Peer 1: 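The structure is given below, and queries will be raised subsequently.
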Protein chains: 2
Amino acid sequence: MKSSVTMKDIASKLGVSSVTVSKALNDKEGVSDSLKLKIKKVAGEMGYRFNSAAKSIKEGLSYNIGVMIPQRFTGLQESFYLRVYQQIAIQLDHYGYFGILNILSSEDEEELNFPRVYSENKVDGIIVLGQVSKKYIETVQNMELPKLFLDFYDEHAAIDSIVTDNFYGAYEITNYLIQCGHRDIAYVGNIYSTSSIQDRYLGYYKSLLEHGMVFENRLLLNDRDEHGRYIDIEFPEKMPTAFVCNCDQVAYNLCERLNAMGYRVPDDCSVVGFDNDVYATLANPQLTTVEVDIEQMARTSVKTIMDKVANPNRHIGRLLVHGKIIYRDSVKKINL
Amino acid sequence: MKSSVTMKDIASKLGVSSVTVSKALNDKEGVSDSLKLKIKKVAGEMGYRFNSAAKSIKEGLSYNIGVMIPQRFTGLQESFYLRVYQQIAIQLDHYGYFGILNILSSEDEEELNFPRVYSENKVDGIIVLGQVSKKYIETVQNMELPKLFLDFYDEHAAIDSIVTDNFYGAYEITNYLIQCGHRDIAYVGNIYSTSSIQDRYLGYYKSLLEHGMVFENRLLLNDRDEHGRYIDIEFPEKMPTAFVCNCDQVAYNLCERLNAMGYRVPDDCSVVGFDNDVYATLANPQLTTVEVDIEQMARTSVKTIMDKVANPNRHIGRLLVHGKIIYRDSVKKINL
DNA sequence: CTGAAAGCGCTTACAG
DNA sequence: CTGAAAGCGCTTACAG
């Protein structure tokens, strides 16, 4: 950055004070229009660039927001959170802010280390994108700046959070399966893995309850171990007619597996996913799923964190962003 | 950031000067070990956080690097550049730096606007990730800070660049096809679209030349229009026995298309890709392809830009990162 | 080993 | 309308 041209340089070139230059460049009152114009012109000619660090130090604001993503959600196959981050960066731009990505390494999460963006005062707020451990949630709570959980929440922590309405989305898509005549519907997911998976399960469960159907444990199919690694799904003796998967990738894997086993989707089994990500359209057949509105999540998150930066006492609680069912080819209407 | 605890606060609590606190916290000489220890302890207790803006203003360094990705490379299906960005962020962390993502909107690219990270002096260097227009390359050249092109280059611009060795990778994989007995090999890609696509084409072409094979125009198959949107590939009358695709996604699409047309891959036609991204393993069959080493690209880029921040006169020219052929199931040995 | 002074580039009252 | 003074939090010589 080598402090190239400063306001002072412009000032002395024009024989005015740097205060006047500051006012002119910021369109503040107290400079004649003609002088303001002249200053702006010269600033342009000299290639002046604003020094945001100086402003930061005065205002105590960095104009950055940190986005923290736990490392384990950034595998080669997963780009959902990176996409959310991208949308956040775009939204922040509208507020004159920038987004700094912070991948939370497993070690740092384990050792409860503060992220550098925090300890070096690099950001005015932090968005934690993706579930972190209970312990680390406490660490986040100890950070003295506006913070927000995105795509997960914790009952015990009084931290604002923004999540897809997982419960309602799964509830709706299960209702749809039931409308299509399905009576033996399984849920695929490790319900102790993340709150998203758990809430989607509960929406599925509510739908069953409302329709007077009985839930049996054989209908709950585990898809991953406690480290989040996918495991082979064990099917019950009697094959269900439909599967509600906790996400599209799992639905995609399930379709592959079913095809390999000789089942045709949707003729033999119907499958629905959640997220509407790449896997939804890559699957064969293409998946009926619940779309997660990434842009809306980013927009809401950024608006919220900006609110909280301006007013640290603002509290929004848990905010739900609605999903929307996308109808494709993986569900079959069956006879009642 | 509300300038919570400052060095001055620590100093007055301990009855020393802020200079001493600064020295102690930065492990500089001139403080007794006992005092240093005490200062660090109190700093910890008071929840002191370093104010990097103040340091920035003194040193004229922001400790941020901007990563600029043209909007058009960030579609829903493409996450390659986001992954590269992620690796860059991780590498920057090792140097005490942060990465700021800057999506270059089509308007800004069109209107040749400087990115805000530049005009607000937010970064010490910029990595341009993904080909920008000729005109915009000039705009980048006018920026007065260390800069680097990643994953593309421009002959006329004397800007350092880091690219996968596209030429050599395509050359090698085409050699492999020829070794497998193929004599009628097509290249799939719009060679006027990006330099990567063009260089891969040239590697393919060199392989043909070296093996005394004649290239005919019917073997060059266009895959996208001038805006980068995929178009339906038009096949030549006589079907080639193998296809060198400019990337895995196009190879994936091609496989789908060939399957739909009744051709079996690799029995009827062999197909190879480039990148080794998600599409390579998603394709049916899985693709033989050239792996792009994302981590290595990020590591090299970060090392280079750090060098250039320290020494602005450093010039590396065009640096190639080697790819590696990954052998899978999309190529068949045929009779010579 | 310790600290008073000056300065980084900018902005915010306040005085003229 | 214009500008001198003070200060944001820190660091870098330099003096004791």
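Because the structure is a prediction, the values reported are computed rather than measured. Lettering follows sequence order; numbering is per chain, from 1.
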Peer 1: To the nearest Å, how far apart are Leu14(B) CG and dT2(C) P?
Peer 2: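 Distance, rounded to whole Å: 11 Å.
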
Peer 1: Taking only distance into account, with no hydrogens and no angle test, what donor-acceptor pairs under 3.5 Å do side-chain atoms of residues 89-99 of chain B form with protein atoms, sequence neighbours excluded?
Peer 2:
| unit_1 | atom_1 | unit_2 | atom_2 | d |
| --- | --- | --- | --- | --- |
| Asp93(B) | OD1 | Arg116(A) | NH1 | 2.4 |
| Tyr97(B) | OH | Asp124(B) | OD2 | 2.8 |

Peer 1: Short of 4.0 Å, heavy atom to strand atom, which residues of residues 33-42 of chain B count as contacting DNA chain C?
Peer 2: Leu35(B)

Peer 1: With sequence neighbours excluded, what pairs up with Lys41(B) under the side-chain contact (heavy atoms from CB on, under 4.5 Å) test?
Peer 2: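 With sequence neighbours excluded, Lys41(B) shows a side-chain contact (heavy atoms from CB on, under 4.5 Å) to Glu45(B), given in chain and number order.
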
Peer 1: In whole angstrom, give the distance that lies between atom OH of Tyr63(A) and atom C1' of dG9(C).
Peer 2: 15 Å

Peer 1: Rounded to whole angstroms, how far apart are CD1 on Ile10(B) and C1' on dG9(D)?
Peer 2: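 To the nearest whole Å, that distance equals 12 Å.
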
Peer 1: If pairs are Watson-Crick or G-U with both distances under 3.5 Å, what is the dot-bracket string of DNA chain C, marking crossing pairs with [ ] and pairs to another strand with |?
Peer 2: |||.||||||||.|||

Peer 1: Test of understanding: with salt bridge (Lys or Arg N to Asp or Glu O under 4.0 Å), list the residues that count as partners of Lys36(B), not counting sequence neighbours.
Peer 2: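 By the salt bridge (Lys or Arg N to Asp or Glu O under 4.0 Å) rule, Lys36(B) matches Asp27(B).
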
Peer 1: Just to verify, what does Ser133(A) make a side chain to side chain donor-acceptor pair (under 3.5 Å) with, not counting sequence neighbours?
Peer 2: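 With sequence neighbours excluded, Ser133(A) shows a side chain to side chain donor-acceptor pair (under 3.5 Å) to no residue whatsoever.
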
Peer 1: Which residues pass the ring-ring contact (aromatic ring centres under 6.0 Å, His included) test with Tyr81(B), sequence neighbours left out?
Peer 2: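 Applying ring-ring contact (aromatic ring centres under 6.0 Å, His included) to Tyr81(B) gives Phe73(B).
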
Peer 1: Which residues pass the side chain to side chain donor-acceptor pair (under 3.5 Å) test with Lys308(A), not counting sequence neighbours?
Peer 2: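 Partners of Lys308(A) under the side chain to side chain donor-acceptor pair (under 3.5 Å) test: Asp160(A).
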
Peer 1: Tell me which pairs pass ring pair (Phe, Tyr, Trp, His ring centres under 6.0 Å) where either residue lies in residues 109-129 of chain A, with sequence neighbours left out.
Peer 2: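 The answer is Phe114(A)-Tyr118(A).
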
Peer 1: To the nearest 0.5 angstrom, please state how far the CZ atom of Arg83(A) sits from the OG atom of Ser79(B).
Peer 2: 6.5 Å

Peer 1: Indicate for each nucleotide in nucleotides 10-15 of chain C, in 5' to 3' sequence, whether protein heavy atoms under 4.0 Å reach the base (B), only the sugar-phosphate (S), or nothing (-).
Peer 2: BBB---

Peer 1: Under the rule for salt bridge (Lys or Arg N to Asp or Glu O under 4.0 Å), what residues qualify as partners of Asp33(A), not counting sequence neighbours?
Peer 2: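 For Asp33(A) there are no salt bridge (Lys or Arg N to Asp or Glu O under 4.0 Å) partners, ignoring immediate neighbours.
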
Peer 1: Listed by chain and number, what are the side-chain contact (heavy atoms from CB on, under 4.5 Å) partners of Thr300(B), not counting sequence neighbours?
Peer 2: Ile162(B), Gln296(B), Thr304(B), Leu319(B), Val321(B)

Peer 1: So does Thr20(A) get a side-chain nitrogen or oxygen closer than 4.0 Å to the phosphate oxygens (OP1/OP2) of dC1(D)?
Peer 2: no

